[in-house]
Amino acid sequence: MTTGGTARLADVVTELSQRPDADVVTLLRERPDLPVPPPTTLTALAARACSRPSVERVLAGLDQHVLEVAEAVCALGGLGPVDAGAVRSATGAGDATAAARVDEAYTRLERLLLVVGGLPVLALHEALGPYPARLGPPLAALEAVHAPVTTPEALSAVLTDAPPAALRVLDALVSGTPVGVTSGEPAGATRWLLDHGVLQRLSSTQVVLPLETGLAARGQRTHLEPHLHPPRVAAPTRPAAVVAAESTRAAEELVRLVGVVVRQWTHEPAPALRSGGLGVRELRRLAGDLGTTPEQAAEIVEIAAMAGLVGPDDDGERPVLGPAAPAVDWAEDELADRWVALAEGWLASPRMPWLVGTRDDRGTLRAALGPGLERGWAARLRRRVLAVLASLPTGTAPAAADVHAVLRWQAPRATPPEASVAAVLAEAELLGLTGAGALGSAGRALADGADDVAAALAADLPEPVGEILVQGDLTAVVPGRPTRELADLLDQVADVESRGAALTVRFTAESVRRALDAGTEAGALLERLADVSRTPLPQALEYLVGDAARRHGRLRVGGAGSYLRTPDEVTTRALLADPRLAGLGLREIAPTALVSGVLPGELLETLRRTGAAPVLEGPSGASVGARPAARRAVRTAPRVQRAGEVHVQGPDDVALARLVGRMRAGQERADQRDDLPATDPVHTVAALREAASAGSAVRVVLIGASGKPERRRVRPVSVEGGRVRMVDLDRESELVVAIHRISAVAD
């Protein structure tokens, strides 16, 4: 049944064959790496499930309590099969709740095929280390010179006369690793413990506290301090009104800043680095325009890219960064909907903006929107952090260390760095998912995967106001959140002086000219301002608008694709009246000068088709040879792929049930054969590792140097690095062979 305190591969195959199909399907669903590629037999499935890589994947998703139960099974397995009751006693599950938690964890280990028949599979024992729960090997694996101490009563009696130094050595071995190193022949406290059977020799320079003695020293417990539950978070609690106000303020500000980036890059795309991304100089310039730090500006453009609103455009002469096609529709959406697009893009993105400004392994500086910021676990970390925040009482504002401690309990073998957790919390605050450090209503809805995330944010947003208070010093105050129409008006005609609970803007000659440039007439502008002002417009503002209107448009600038000089006014009139030239859009700017919207080449060819004999004029006014008309450059929308995790649709339960049926049929055919079964590499490795652990002999089919198969009877010694070291029992020689040269293994 057992091999050194672990379940044999044959036992795992038997367990699979006895499970109902529904239970095997559950196993394949909970361990999605097992059915890919589809195993042909239950033996192949068992070998894959017991392989070290597959077991490591499972352990990465287990919490600290389940791992401690697994350690207890591995430690106690050296004494024989372990049932749930033994684990309950060994982990100190005193009350009904703790007992139920232990039973649940034990059942889960069995369901995941990590524990079979009360014993751990070999890969689980190896993954948890040589001394699970920091307990030593059983006495059966050691050569005891003196009578060992195996019970708490016997240990207490022996230690009655122990010297203080011996007690200190024993305490260190009980609470830490069970192995001690000696520089030579043990003396003093170590010698006393050896002579009284408390310690045993492990080698000429090592002593060990055996499993039975270690359990006796711990009161028959495998863990001194079991962790049944995640650590408690002692954090301040914020009032709901404060959380709502802070989170909505941050959400509104982020939407505004992303909108500024989109509008600015629409008019003037940002130059991109040759290697991709936004350069340091451009990032600082953008930060100045946004009124933020370069670090915050990097986060803002990254979030915009995560939502698919901005990205690279390589269609022009030089690479630039500009808005993507979805940005047009996004800008027309309501505030809550725009925010949801940003939050969902952030949640699903594998990019890590907090790496901007750091250097990679080659010393290259990582740029915003550039390569090298992707990590496969980033999106999972964001979801895990939000889940921790959502699990806390409403209003709780934990520190990064508190969240990190909970994540460490949830998955000790896949814990992210605390700095990454702090960065995710900072991003959540920037997005408005949290306010004053506590999860807001919209953030909680997003963490729960609700459909009404936008409604949750909209419910917390204050009612917008459509009025302003215009003051005599050419400033105006918006007492709250402006409506969209009011915000658009103020963006056109005023400059922002301060933001906060109230928005303060100032009217200047430049800001008024900006409104006039947009096509608004002075009278209409004053009328619109009067409509939204609670008080009559001050005379100073009317003078400012009137002054700007009088100066506006005195100089006119226009564009033309080409010009045409004529010898006299008669020729000019004839050209304007010629119907064949109507498509050129000729316009007179002087008695002997016309301009057209088409390029010089097209103008030249059209005139020649009418029988005229024009020539092309260079910048100096001299005639030059005609050249083909240049193509007008048309900038297309940037090709942006929305960042996010790749979700692969796995097989459904029906497909998995069919796979189980095929594996059972394949197993029946394999059991009917008497020759060595041809196994896949995973099965080969599992069989060799098991034989090496048990010190048993196996038969192998080895592909020789000539390419012909050779049958040998061997005893594997070790399997590592893709090679197996084994002793050929018939030839009495040792050989090292690459695993891929072994095509089959059997007992």
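- Contact check for Val493 versus Thr520: no side-chain heavy atoms found under the 4.5 Å cut-off.
- Here Glu252 contributes atom CD and Arg338 contributes atom CZ; the two are 9.0 Å apart, rounded to the nearest 0.5 Å.
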Cut-off 3.5 Å, no hydrogens considered: what does the side-chain donor-acceptor table look like for residues 538-549, sequence neighbours left out?
unit_1	atom_1	unit_2	atom_2	d
Gln539	NE2	Tyr543	OH	3.2
Asp547	OD1	Arg550	NH2	2.6

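- Taking 4.5 Å as the limit, some side-chain heavy atom of Val505 sits within range of a side-chain heavy atom of Leu503.
- A side-chain donor-acceptor contact under 3.5 Å links Thr483 to the backbone of Leu486.
- Inter-residue side-chain proximity for His65 and His227 is flagged as unmet; no heavy-atom pair is nearer than 4.5 Å.
- Remark: side-chain polar atoms of Trp339 are not paired, donor with acceptor, to backbone N or O of Gly432 under 3.5 angstrom.
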Test salt bridge (charged side-chain N to carboxylate O under 4.0 Å, His left out) applied to Arg285 and Glu282, step by step: CA-CA 5 Å; Arg285 188 168 133 200; Glu282 289 297 327; 3.4 Å; yes

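- When atom types are taken as modelled, the side chain of Thr415 and the backbone of Ala411 share a donor-acceptor pair closer than 3.5 angstrom.
- Atom CG of Leu469 sits about 9.5 Å away from atom OG1 of Thr475, to the nearest 0.5 Å.
- Judged by distance alone, with hydrogens and angles left aside, the side-chain atoms of Ser391 form a donor-acceptor pair with the main-chain N or O of Val388 at under 3.5 Å.
- For the pair Ser349 (side chain) and Trp346 (backbone), a donor-acceptor distance under 3.5 Å is absent.
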Derivation and outcome, salt bridge (charged side-chain N to carboxylate O under 4.0 Å, His left out), residues Arg238 and Glu246: CA-CA 11 Å; Arg238 312 296 188 197; Glu246 290 296 317; over 6 Å; no

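- Contact of the Trp377 side chain with the Met352 side chain is registered, since non-hydrogen atoms from C-beta on lie closer than 4.5 Å.
- In this structure, Asp448 contributes its side chain and Ala450 its backbone to no donor-acceptor pair below 3.5 Å.
- Under the 4.5 Å side-chain criterion, counting only non-hydrogen atoms from C-beta, Leu67 is in contact with Pro412.
- No donor-acceptor contact under 3.5 angstrom links the side chains of Glu497 and Thr504, judged on distance only.
- Across all their heavy atoms, Asp491 and Arg514 have their closest contact at O-NH2, 3.2 Å.
- Side-chain contact check for His404 and Arg408: at least one donor-acceptor pair (N or O, by modelled atom type) lies under 3.5 Å.
- Between Leu342 atom CG and Leu309 atom CG the span is 6.0 Å, to the nearest 0.5 Å.
- More than 12 heavy atoms of other residues, nucleotides or ligands shown are found within 6.0 angstrom of CG on Asp473.
- Surrounding CD of Glu521 are at most 12 heavy atoms belonging to other residues, nucleotides or ligands under 6.0 Å away.
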Intermediate values then yes/no, salt bridge (charged side-chain N to carboxylate O under 4.0 Å, His left out), Glu253 and Arg481: CA-CA 11 Å; Glu253 180 66 3; Arg481 179 170 69 92; over 6 Å; no

Leu431 and Ile303: CA distance, side-chain angles, deciding distance, side chain to side chain contact (heavy atoms under 4.5 Å, CB included) verdict: CA-CA 9 Å; Leu431 277 155; Ile303 291 173; 4.1 Å; yes

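- The structure places OG1 of Thr394 at 11.5 Å from CG of Leu389, a figure rounded to the nearest 0.5 Å.
- Shown here is Arg256, whose CZ atom has more than 12 heavy atoms of other residues, nucleotides or ligands within 6.0 Å.
- For the pair Arg366 (side chain) and Arg359 (backbone), a donor-acceptor distance under 3.5 Å is present.
- Counting non-hydrogen atoms of neighbouring residues, nucleotides and ligands closer than 6.0 angstrom, the CD atom of Glu374 exceeds 12 such neighbours.
- Residues Ser441 and Asp460 have side chains that bring a donor and an acceptor to within less than 3.5 angstrom of each other.
- For the atom pair CG (Asp495) and OG (Ser511), the distance works out to 5.0 Å, reported to the nearest 0.5 Å.
- A side-chain donor-acceptor contact under 3.5 Å links Ser596 to the backbone of Leu584.
- In this structure, Asp517 CG and Glu510 CD are separated by 11.0 Å, a value rounded to the nearest 0.5 Å.
- With Glu429 contributing its side chain and Ala436 its backbone, the two residues share a donor-acceptor pair below 3.5 Å.
- Asp333 places no side-chain N or O within donor-acceptor distance of the main-chain N or O of Asp337, the cut-off being under 3.5 Å.
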